[in-house]
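Reminder, nothing fancy here: chain letters follow the sequence lines and each chain counts from 1. We use all heavy atoms of the structure for the numbers below, so side chains are in, but hydrogens, waters and symmetry mates are not. In this text, all values refer to a predicted model and were calculated from it rather than measured experimentally.
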Number of protein chains: 2
Amino acid sequence: MKVKEVADLVGISVRTLHHYDEIGLLIPDDTTGSGYRVYSDENLETLQQILFFRELGFPLKKIKEIIHNPSFDRQEALEIQHKMLLEKKNRLNKMIRTLEKTIQYSKGEIKMSNKEKFEGFDFSQNPYEQEAREKWGDKAVDEANEKVKSMSDFEQQKFNEIYRKLATLRHLPADSKEAQEGIKEWYLFLNKIGNYSPEAFKGLGQMYVNDERFTKNIDRFGEGLSKFMCEAMSIYADNQK
Amino acid sequence: MKVKEVADLVGISVRTLHHYDEIGLLIPDDTTGSGYRVYSDENLETLQQILFFRELGFPLKKIKEIIHNPSFDRQEALEIQHKMLLEKKNRLNKMIRTLEKTIQYSKGEIKMSNKEKFEGFDFSQNPYEQEAREKWGDKAVDEANEKVKSMSDFEQQKFNEIYRKLATLRHLPADSKEAQEGIKEWYLFLNKIGNYSPEAFKGLGQMYVNDERFTKNIDRFGEGLSKFMCEAMSIYADNQK
DNA sequence: CTTGACTCTCACGGTACGTTATAGTTTATA
DNA sequence: TATAAACTATAACGTACCGTGAGAGTCAAG
């Protein structure tokens with residue numbers, strides 16, 4: 001499905017989908033030769049997850065952390081979201097009652113205390129927020145995410161950018177000029193925020209295919225990207241010696 | 001009631017109340033000698049109105065237009081809001097059903113079409129939005145608001161600023177030096193966006209007390225401001241001849 | 001008369017997109 | 001088969017609604 005189809009189906013804007021792609025929240029599984037985004041059924045299910053979280057007031061950054069965490073449990077998430085939505089419904093009902101009372105009040109039929117006038121508004125009083133915080137709170141992240149989180153926003157941005165760029169190259173041979181140029185950028189970037197010898201760089205590339213937490217995270221940007229990067233990084237490292 | 005009391009009562013932040021004051025959406029009826037905001041019961045009811053609109057997704061700018069419109073009918077607003085909240089409840093229920101189906105679906109118990117996966121999300125499908133648009137749409141504004149709307153954002157901003165400044169002076173004698181300086185600023189500002197002779201300026205001041213739509217709109221910034229301005233403008237105009 | 005809770009006004013920062021602008025691509029129609 | 005209409009892309013700036021200090025003044029309690 002192309003971008004507008006998706007947008008119309010779920011009732012959001014094309015821009016929103018672009019935005020979610022930009023920030024790495026929802027990257028379409030495929031693109032046409034001319035660069036059009038093509039969303040798979042799996043993409044749609046991820047989008048549904050995102051929208052449930054969004055409805056519950058989670059910031060996009062948090063949603064990204066949660067659903068891309070290797071230990072993310074979809075079933076469990078759905079259960080908690082269910083509880084939270086029911087709670088939201090309760091608050092909405094309270095608010096409706098408040099509004100109904102206010103109508104009577106404004107006709108002079110009943111009296112209302114100041115407190116009563118605002119029942120149902122207290123947005124932060126969801127008892128399941130606690131459960132959500134325990135599950136998805138700031139501490140519940142794995143090592144990989146720790147690293148990402150410790151990066152500055154600029155670095156995060158750059159990080160995404162490079163991955164997306166590399167994803168467009170992933171079908172080229174790993175030793176092609178363009179691929180190697182992309183990998184070089186990646187190497188230079190990594191050495192701005194850390195310290196990687198060519199060997200370490202090569203080793204990192206190995207992890208991309210050996211550790212499935214990495215594989216999954218990287219292949220979000222394009223299927224087979226991790227393998228491509230592993231190969232290209234190995235070649236690049238060898239040429240640096 | 002002072003600002004934190006209100007914030008705690010309704011479950012919003014102090015900053016939010018400051019913001020609403022800044023943009024002229026909810027200006028406290030009174031201030032203490034030291035400049036502390038003091039909210040009246042009427043302020044609280046306006047705030048309640050604001051929050052109902054906000055819950056329904058109205059932008060603050062729109063809310064401001066609506067509730068400060070001289071022809072604003074509180075009763076009617078409450079009725080429409082009631083319908084819209086019930087509709088929102090319906091959507092929420094749909095969404096909960098969708099979530100429940102998704103739980104079964106993710107367990108492989110049932111099948112789900114792509115369309116079904118997003119039922120309840122289509123935020124813009126509120127049948128009462130139409131009614132709201134007719135009531136409070138962009139065309140349904142009176143003369144006074146037409147003028148305000150035709151101003152640039154910068155001018156709007158400046159407009160508010162001057163009114164708020166004048167409001168702090170309103171208990172001084174209209175012929176005092178400070179009052180006259182404030183009014184001068186007002187005169188100069190008006191002549192940047194239009195063309196006002198001293199006579200026209202004086203006439204405008206008269207309207208502030210004679211036309212209750214003006215009176216109401218101006219006194220939002222402080223009780224008695226319209227009368228004060230009328231007097232001060234008259235004096236200023238006479239001194240210009 | 002000091003401490004702590006509260007208040008004020010700047011003023012910069014941040015999220016989640018909206019909104020052009022410009023240009024390439026695909027599909028429908030003449 | 002040309003050409004318009006509809007859709008797509010990136011880029012870059014704009015906007016709404018506050019959050020978050022900083023720095024300074026105010027007020028009730030001990």
Side-chain angles (χ1 to χ4, degrees), chain A residues 1-28 30-39 47 50-51 53-65 121 123-124 149 152-158 160-161 164-165 167-168, chain B residues 1-28 30-39 47 50-51 53-65 121 123-124 149 152-154 156-157 160-161 164-165 167-168:
Chain A
M1 291 181 79
K2 279 189 282 185
V3 69
K4 192 174 189 302
E5 275 180 281
V6 178
D8 289 344
L9 174 67
V10 313
I12 62 180
S13 74
V14 170
R15 177 69 178 94
T16 298
L17 288 168
H18 282 177
H19 184 60
Y20 291 175
D21 187 5
E22 276 169 30
I23 64 173
L25 175 59
L26 179 66
I27 295 151
D30 204 3
T31 51
T32 71
S34 46
Y36 286 16
R37 294 168 177 81
V38 177
Y39 292 84
L47 179 55
I50 291 169
L51 293 183
F53 276 118
R54 196 182 69 164
E55 177 69 25
L56 290 165
F58 286 72
L60 299 186
K61 217 174 182 173
K62 196 86 197 167
I63 300 178
K64 186 182 166 189
E65 268 178 49
F121 282 113
F123 174 73
S124 63
K149 280 194 65 172
S152 73
D153 278 355
F154 171 76
E155 284 163 346
Q156 283 254 16
Q157 179 68 16
K158 192 75 185 157
N160 272 331
E161 221 170 83
R164 295 178 71 220
K165 187 175 171 183
T168 67
Chain B
M1 289 179 80
K2 276 190 282 185
V3 69
K4 191 173 191 303
E5 275 180 279
V6 178
D8 290 345
L9 174 67
V10 312
I12 61 179
S13 73
V14 170
R15 177 69 178 92
T16 298
L17 288 169
H18 282 176
H19 184 62
Y20 290 176
D21 188 4
E22 276 169 32
I23 63 173
L25 176 58
L26 180 66
I27 295 151
D30 205 3
T31 51
T32 70
S34 46
Y36 286 17
R37 294 168 177 81
V38 177
Y39 292 85
L47 179 55
I50 291 169
L51 294 183
F53 275 118
R54 198 182 66 165
E55 177 70 24
L56 291 166
F58 286 71
L60 299 187
K61 217 174 182 176
K62 197 86 198 166
I63 301 179
K64 187 181 165 190
E65 267 178 51
F121 282 114
F123 175 73
S124 62
K149 280 193 68 172
S152 75
D153 279 358
F154 172 77
Q156 283 255 16
Q157 179 69 15
N160 271 331
E161 218 172 85
R164 295 178 71 219
K165 186 175 171 186
T168 67

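- Atom-to-atom, NZ of B:K2 to C1' of D:dT26 comes out at 8 Å; the value is rounded to the nearest Å.
- When all heavy atoms of B:A7 and B:S13 are compared, the pair lying nearest together is CB-C, 4.1 Å.
- Within the 4.0 angstrom heavy-atom criterion, no nucleotide atom of any strand lies near A:V14.
- With rounding to the nearest 0.5 angstrom, the CD1 atom of A:I50 is 11.0 Å from the NZ atom of A:K64.
- Summarising the geometry, atom CG belonging to B:D21 is positioned 10.5 Å from atom CZ belonging to B:R15; distances are rounded to the nearest 0.5 Å.
- As a whole-Å value, the separation of A:K4 NZ from D:dC7 P is 5 Å.
- Counting all heavy atoms, side chain and backbone alike, A:V14 lies closest to A:K4 at CG2-CA, 4.1 Å.
- Take the nearest nucleotide of DNA chain D for B:L60 and for B:T32: the residue whose nucleotide is more 5' is B:L60.
- Rounding to the nearest 0.5 angstrom, the gap separating the CD1 atom in B:I12 from the CZ atom in A:F121 is 10.0 Å.
- In this structure, A:I50 places its CD1 atom 13 Å from C1' of C:dA16, rounding to the nearest Å.
- To the nearest 0.5 Å, the span separating CD1 on B:I63 from CZ on B:R54 amounts to 8.0 Å.
- Taking the screw axis at each terminus of the helix from C:dC1-D:dG30 to C:dA30-D:dT1 from five consecutive base pairs, the angle between the two is 20° to within rounding of 10 degrees.
- Taking atom CG of B:L51 as the reference point, atom P of D:dC18 lies 9 Å away to the nearest angstrom.
- Put simply, NZ on B:K61 is 9 Å from C1' on D:dA16, counting in whole angstrom units.
- To the nearest 0.5 Å, the span separating NE2 on A:H19 from CG on A:L17 amounts to 11.0 Å.
- When rounded to the nearest whole Å, the span between CD of A:E22 and P of D:dT10 equals 8 Å.
- In this structure, B:E5 does not pair ionically with B:R37, as no charged nitrogen and carboxylate oxygen lie closer than 4.0 Å.
- When the side-chain nitrogen and oxygen atoms of A:S34 are compared with OP1 and OP2 of D:dT8, none of them lie within a distance under 4.0 Å.
- Rounding to the nearest 0.5 angstrom, the gap separating the CG atom in B:L47 from the OH atom in B:Y39 is 8.5 Å.
- If you check C:dC8, C:dG18, D:dA9 against the side chain of A:H18, the one that comes closest is D:dA9.
- When rounded to the nearest whole Å, the span between NE2 of B:H19 and P of C:dT9 equals 14 Å.
- Taking 3.5 Å as the limit, the base of D:dT20 and the side chain of B:R15 contain a donor-acceptor pair of atoms between them.
- Taking atom OH of B:Y20 as the reference point, atom C1' of D:dG19 lies 13 Å away to the nearest angstrom.
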Between the protein and nucleotides 23-25 of chain D, which nitrogen or oxygen pairs come in under 3.5 angstrom?
unit_1: D:dG25; atom_1: N2; unit_2: B:Y36; atom_2: OH; d: 2.8

